Amino acid sequence: MPLGEFELIDRYFKRPARRAALGVGDDCALLRVKPGMSLAISSDMLVEGRHFLSTVRPERLGHKALAVNLSDLAACGARPLAFTLALSLPSADPDFLADFATGLFRLADEHDCELIGGDTTAGPLNICITVFGEVPVGAALLRSGALPGDDLYVSGQPGHARIALEVFRGTLQADGEVFETARMAMEMPTPRVELGLALRGIATSAVDVSDGLIGDLGHILESSAVGATLDVDALPESALLTQLPPSLRRQFALAGGDDYELLFTARRGDRQAVVDAAWAAQTPVTRIGVIQASEGLRLVDGRGCPERDIYARFDHFKT
Ligand code: ADP
Ligand code: MG
């Protein structure tokens with residue numbers, strides 16, 4: 001007997017409501033919103049062939065579908081509460097669903113983020129999640145708060161996911177261990193939720209890096225009406241990236257895409273506060289530049305000399 005729509009939901013996605021006033025099973029879910037809190041909401045859709053390869057393990061797909069959404073909450077300094085899941089599936093394959101749900105709920109439970117509803121339909125494989133988080137009124141980290149003189153920081157190691165993508169595309173070779181590490185970055189990104197929370201009241205602006213560091217920095221610069229100088233020699237180094245030729249290393253770190261790191265600014269006087277926040281969140285953070293009043297992005301090397309290479313951002317309709 002093939003699995004019906006409601007049986008599928010009951011078996012794989014319905015769990016007793018915990019924090020939600022009403023979870024899966026009615027026409028709407030109900031969330032109680034605490035006084036003094038804003039609800040932070042974000043949606044991300046994952047399309048097969050565009051955001052993931054058909055060969056990815058379903059467990060990792062479940063993880064990534066939620067991770068990219070939690071990353072948006074992190075960038076706002078919001079604490080995850082709940083999410084909805086809209087699924088379009090070519091077939092009701094029990095093996096796929098069980099593994100997908102395992103990866104999804106493992107990450108959800110790690111962040112105490114509850115599945116409260118969704119929609120399920122037959123069609124091409126497509127996963128759309130909407131996350132809900134909370135942040136005290138006025139405390140959300142926005143793209144628009146960067147000020148001249150602020151330092152510019154990035155978390156983690158942008159560039160790793162792109163190494164895996166290029167190996168899959170056949171343009172790059174990587175041996176077993178390097179490839180596995182890069183593949184984990186691509187398929188199992190870690191949303192920087194704890195860092196986002198620790199940066200409340202410290203970061204003057206923030207964005208999560210999904211389309212490449214330079215492209216997403218552009219959002220901060222535009223929203224804040226400022227410019228920046230970025231020192232390419234200050235970019236975080238990693239054992240993986242140093243195996244690449246220098247130009248490729250920079251290309252991947254600056255415009256790789258799919259990183260889900262946080263890019264943020266903070267006052268110069270708050271350097272120790274940033275170090276403390278990174279420590280509290282157990283997340284590496286690197287200072288890579290400075291915000292300036294004059295608009296535009298200037299790339300320099302460690303000696304302050306201009307960089308000539310152009311790094312494009314990832315654009316779904318151009319790449
Ligand atoms: P409606 O037709 O009223 O929109 P549905 O019949 O589509 O509701 O869904 C029944 C219930 O199952 C709803 O509470 C809905 O939120 C939930 N639901 C549907 N698909 C999923 C899913 N993939 N994950 C979690 N809950 C789901
Ligand atoms: Mg429905």
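For ligands, and for the atoms within them, numbers begin at 1 and follow the listed sequence. Computed from heavy atoms alone, side chains included, the values below leave out hydrogens, waters and symmetry copies. What you see is a predicted model; the values in this text were computed from it and never measured.
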Using a 3.5 Å cut-off on N or O atoms only, is L115 in polar contact with ligand 1? no
I'd like to check whether F6 has a polar contact with ligand 1, where a contact means an N/O of the residue lying under 3.5 Å from an N/O of the ligand. no
Qualifying residue for side chain to side chain contact (heavy atoms under 4.5 Å, CB included) with V131, from T84, L66, D72: L66
Under a 4.0 Å heavy-atom limit, does D119 contact ligand 1 with its side chain, its backbone, both, or neither? both
Of I129, T120, T84, which has the heavy atom at the shortest distance from atom 23 (N) of ligand 1? T120
Relative to atom 22 (C) of ligand 1, which among L85, L87, V24, L8 owns the nearest non-hydrogen atom? L85
Calculate, to the nearest 0.5 Å, the distance between atoms NZ and CD1 belonging to K64 and I127 respectively. 10.5 Å
Are F179 and F168, when compared by the centres of their aromatic rings, separated by less than 6.0 Å? yes
Closer than 4.0 Å to some heavy atom of D27 - which atoms of ligand 1 meet that? 3 (O)
Close-contact set for ligand 1 against F13 heavy atoms, below 4.0 Å: 23 (N), 24 (N), 25 (C)
Within the structure provided, determine whether T204 and F264 are in side-chain contact (heavy-atom separation under 4.5 Å). no
Donor-acceptor side-chain pairing of S155 and E261 below 3.5 angstrom: yes
Give the numbers and elements of all ligand 1 atoms closer than 4.0 Å to a heavy atom of D26. 13 (C), 14 (O)
In terms of relative ring orientation, are F13 and F100 parallel, tilted or perpendicular, with 30° and 60° separating the classes? perpendicular
